Amino acid sequence: MGKKKITISALVASMLIAYLIFLSFTNEKQVATQFLEVHYTSNLAQIPIEPEERMEYISQKYGDLITEKELLRLTANRVAMETEIDTAKTGVTMTIKSIELQNQTKTKYGETIYDFKVIATIEAPTSQEKTAELNGEITLKKESGKWKVYRFTKTYDSLESVFQN
């Protein structure tokens with residue numbers, strides 16, 4: 001009985017170590033994809049009104065996927081919560097169908113830049129389901145040994161305008 005417990009404990013510990021090693025090798029493409037999934041998904045029943053609550057929600061939403069500087073820029077430009085605000089304002093539901101990262105470019109500063117295309121299904125209460133294409137550019141940079149979104153730009157004005165087209 002004692003050997004069984006030790007063997008199981010050793011197996012669990014080995015699996016945990018392997019998992020942590022796997023997580024440490026997350027590459028920039030995985031971070032970019034995860035960021036886009038987080039950005040274009042709204043799970044909010046109610047939008048936080050108070051600035052402190054909004055900032056806390058935004059920090060939790062993006063977590064360690066984004067640099068602090070870019071998080072502040074996206075928050076100031078009202079991009080960080082565009083999915084939540086525009087889906088609530090228009091009453092639509094948006095579901096991501098696919099994410100494509102193309103044209104990888106490496107800069108001399110160690111950044112990786114991708115063009116992105118997110119295909120999403122838009123469901124409005126008053127109209128039929130339609131497909132939307134959301135495009136832009138995402139730049140990643142290693143910070144403290146981890147890939148993070150350093151710059152996020154989009155080619156459309158607002159999600160609300162995408163929903164209405």
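Because the structure is predicted, anything quoted here is derived from the model rather than measured.
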Query raised in the report: With hydrophobic residues grouped by side-chain heavy-atom distances under 4.5 Å, do Tyr150 and Val38 end up in a single group?
Result: no
Requested in this report: Determine which pairs satisfy salt bridge (Lys or Arg N to Asp or Glu O under 4.0 Å) with at least one residue from residues 154-165, sequence neighbours left out, and list them in order.
Outcome: Glu82-Lys154, Lys89-Glu160
Report task. Give me the one residue out of Thr112, Ile113, Ile138 that meets side chain to side chain contact (heavy atoms under 4.5 Å, CB included) with Glu28. Result -> Thr112
Report task. Find the distance between CG (Leu101) and NZ (Lys117) and round it off to the nearest 0.5 Å. Result -> 11.5 Å
Report summary line: Value for CD (Gln60) from CE (Met55), rounded to nearest 0.5 Å, stands at 11.0 Å
Requested in this report: With side-chain contact (heavy atoms from CB on, under 4.5 Å) as the test, would you mind laying out the steps for Ser98 and Val118 before giving the verdict?
Outcome: CA-CA 6 Å; Ser98 67; Val118 174; over 6 Å; no
Query - Rounded distance (nearest 0.5 Å) linking atom CD1 of Ile85 with atom OG1 of Thr90 - result: 11.5 Å
Query raised in the report: Do Leu36 and Ile119 belong to the same hydrophobic cluster, where Ile, Leu, Val, Met, Phe, Trp and Tyr are linked whenever their side-chain heavy atoms lie under 4.5 Å apart, directly or via other members?
Result: no
Query raised in the report: Between Glu123 and Lys130, is there a salt bridge with N-O shorter than 4.0 Å?
Result: no
**Report entry** Gln128, CD atom: more than 12 neighbouring heavy atoms under 6.0 Å
**Finding:** no
Query raised in the report: Just how far is it from atom CD of Glu143 to atom NZ of Lys69, taken to the nearest 0.5 Å?
Result: 10.5 Å
Query raised in the report: Nearest heavy-atom pair of Trp147 and Lys142: which atoms, and what distance?
Result: NE1-CE, 3.2 Å
Query raised in the report: For Thr139, does its backbone N or O pair with a side-chain atom of Arg151 as donor and acceptor, under 3.5 Å?
Result: no
**Report entry** Met81 side chain reached by Pro48 side chain, heavy atoms, under 4.5 Å
**Finding:** yes
Query raised in the report: Hey, quick one: are Leu140 and Leu65 part of the same hydrophobic cluster, counting side-chain heavy atoms closer than 4.5 Å, chains of contacts allowed?
Result: yes
Report task. Please name all residues satisfying side chain to side chain donor-acceptor pair (under 3.5 Å) with Glu129, sequence neighbours left out, ordered by chain then number. Result -> none
Query - Thr87 side chain vs Glu84 backbone, donor-acceptor pair below 3.5 Å - result: yes
Requested in this report: For residues 111-131, pull every pair meeting ring pair (Phe, Tyr, Trp, His ring centres under 6.0 Å), keeping only residues two or more places apart or in separate chains.
Outcome: Phe116-Phe152
Report task. Kindly compute the distance separating OH (Tyr156) from CD (Glu133), expressed to the nearest 0.5 Å. Result -> 12.0 Å
Report summary line: The single option from Gln34, His39, Lys148 that satisfies side chain to side chain donor-acceptor pair (under 3.5 Å) with Tyr62 is His39
Query - Minimum-distance pair of heavy atoms, taken over all atoms of Gly91 and Pro125 - result: O-CD, 3.1 Å
Requested in this report: Enter the distance from Gln102:CD to Asp115:CG here, rounded to the nearest 0.5 Å.
Outcome: 7.0 Å
Query raised in the report: Does Glu70 use its side chain to pair, donor to acceptor, with the backbone of Thr67 at less than 3.5 Å?
Result: no
Report task. Report whether Tyr40 and Ile122 are members of the same hydrophobic cluster (ILVMFWY, side-chain heavy atoms less than 4.5 Å apart, transitive linking). Result -> yes
Query raised in the report: Do Thr155 side-chain atoms and Asn135 backbone N/O form a donor-acceptor pair below 3.5 Å?
Result: yes
Query raised in the report: Does the side chain of Thr83 reach to within under 4.5 Å of the side chain of Leu159, using non-hydrogen atoms?
Result: yes
Query raised in the report: Counting only N and O atoms by type, is there a donor-acceptor contact under 3.5 Å from the side chain of Asn27 to the main-chain atoms of Lys29?
Result: yes
